[in-house]
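Down below is the structure, laid out as structure tokens.
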Amino acid sequence: MNSSPFHSISRRSFSLALAAPLVAAAPTRWILSAGTVLTMDKARRVLSDGAVAIEGNKIVEVGPRAEIEQRFRGARRVARPNSILIPGLINTHTHAAMSLLRGIADDKRLQDWLESYIFPAEAKNVSADFCYWGTLLACLEMSLGGTTTFTDMYYFEDDVARATRQAGMRGVLGQTVIGFPVADAKTPADALAQAEAFFKRCEKDPLIIPAIAPHALYTNTRETLQACRKLANQYKRPLLIHVSETKRENDDMRKQHSKSPTQTLAEWGIFDGTTVAAHCVWTDESDIATLAAKRVGIAHCPSSNMKLASGFAPVVPQLAAGIHVGLGTDGPAGSNNDFNLMEEMDLAAKLAKVHLMDPVALPATTALEMATLHGAQVIGMGDQLGALEAGRLADAVFVRTDVPNAVPSFDPYSTLVYASKAADVSDVFVNGQPIVREGKSLTLRSAEILAKARSYRQQISLSLKK
Ligand SMILES: [Zn+2]
């Protein structure tokens, strides 16, 4: 049996491609039409009975269905009159392969969770194979739930990239750099060398944006962090880092450096280039001003902040300061147990409301902007992703509205953010290619991936008893 998780359709089309004559084929054209299209363009157009025309990997036209059908005759079609069509959702912070550790230790304090469970489980199990299968499982779940782009901070990023390409998803994949020996690097210098090699290998990759991910200020030296920034800028790639996630971390760093993590990192030049700062829960007014001035993007992770009781991130003041704040799920091994951006949108709105005791603090429209437009800006692709608009890359998601939880609908933003579920996602396009059709993955073999994840559970449990 072939061990590749590629779906048979992909293998067939691959062999056909090999047999085809060497002439440039006309780019595939698609018309995606839906009862409602939330474009998220500058005018925030909401189209009833609207359509998106795609040519190759780009959106070429958005407008009324009848007009688009007239102009793009002969295009392949996905017509869903009982659906909302939205831009692909962008997960700005996760650790994808930790899917294999899902639920290994819940309801623990962060330090106990890390030291008693996660570090031992990772030390005994994380390998290239673990990262490959863990990322496949994550991609399967993410794509079926409407996520088209994800931002990863983990190990063996070449294998993470391999899984991401097979899923047909877009990945901002950050090689972790951390101040102690880990599965794929004995030293930070080793991790930096691997990151550079990864940058080179992904230079022209259409779906992979390689990145460098120094874990945090408290786990790296100034020299290492500055070397990470230098390398990221040399290759014009993003730097991903955790910032002020917990009060304890923030207080410890303030004691050590006599200023906040944000001010320390800014002073060291770590924010001088595209930066995705995860969490930023404990950021005060001056930190927010600095993050805005340095154009740092924030990955807000509401589920994680709630589950680990990290605190209320000041998302509303951050947005008001002009900072791009995207949404993230964080890892699924205890800080969150799934990769559900539909849920994160809902929670982002509700968490901000209860934090400020103000039901108008963060409306549904803003929550969807965070998962699309802001997410695109955070990862440095603000003009390419995040909206259904001519000229942008064709990442789009259909969400069914012919389900009990979405009927009746008075406002599509409200339906989508507060009522729709990840399971209502029916079809997903990334880079002009369909990867999910009628709720089924077209690129990944679900049964095989689930079986492998179950066998890893056995292996992980046994390893922890030794
Ligand atoms: Zn994280």
Side-chain angles (χ1 to χ4, degrees), residues 90-106 108-115 117-119 121-122 126 131 134-135 138 142 147 149-157 160 171-180 182-183 191 211-220 225 228 238-250 253 261-262 265 275-283 296-311 313 315 325-341 343-344 347-348 375 378-379:
I90 298 170
N91 186 343
T92 55
H93 180 68
T94 192
H95 312 280
M98 289 181 92
S99 62
L100 293 177
L101 302 172
R102 192 192 312 266
I104 193 169
D106 289 318
K108 310 282 178 203
R109 297 196 187 283
L110 181 66
Q111 229 48 38
D112 180 31
W113 172 74
L114 271 176
E115 286 161 17
Y117 299 91
I118 298 302
F119 289 156
E122 286 189 335
V126 172
C131 290
T135 305
M142 285 193 278
T147 297
T149 299
F150 71 102
T151 308
D152 189 56
M153 292 175 78
Y154 212 54
Y155 308 106
F156 298 101
E157 288 300 323
V160 172
V172 181
L173 308 182
Q175 176 70 38
T176 291
V177 181
I178 197 163
F180 52 83
V182 286
I212 191 154
H215 172 265
L217 173 64
Y218 64 93
T219 47
N220 282 293
L225 289 164
C228 289
L239 180 146
L240 323 175
I241 186 166
H242 294 97
V243 177
S244 296
E245 178 177 0
T246 66
K247 184 166 188 307
R248 182 177 148 182
E249 163 208 339
N250 205 59
M253 288 298 98
T262 294
L265 291 165
T275 309
V276 183
H279 301 298
C280 298
V281 175
W282 295 91
T283 46
V296 172
I298 294 177
H300 173 48
C301 306
S303 285
S304 172
N305 294 170
M306 291 165 81
K307 192 151 182 265
L308 295 173
S310 301
V315 173
V325 183
L327 295 178
T329 56
D330 210 351
S335 39
N336 191 346
N337 294 34
D338 55 22
F339 300 95
N340 184 346
L341 274 186
E343 189 176 41
E344 300 301 331
L347 291 176
V378 166
I379 59 169

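We count ligands from 1, going down the list as the structure has it; atoms in each ligand are counted the same way. Numbering starts at 1 and runs along the sequence shown.
Side-chain contact annotation: His95 with Asp152, donor-acceptor N/O pair under 3.5 Å absent. Side-chain atoms of Thr329 and Glu344 form no donor-acceptor pair, as typed in the model, at a separation below 3.5 Å. For Tyr218 and Glu245, the side-chain atoms include no donor-acceptor pair closer than 3.5 Å.
Protein N/O/S atoms found under 2.8 Å from the Zn ion (ligand 1): His93 NE2, His95 NE2, His242 NE2, Asp330 OD1.
Not a single salt bridge (charged side-chain N to carboxylate O under 4.0 Å, His left out) links Asp112 to another residue, sequence neighbours left out.
Ring geometry for His242 versus His215: interplanar angle of 30 to 60°, hence tilted.
Under the 6.0 Å cut-off for aromatic ring centres, His93 and His279 qualify, their centroids lying closer than that.
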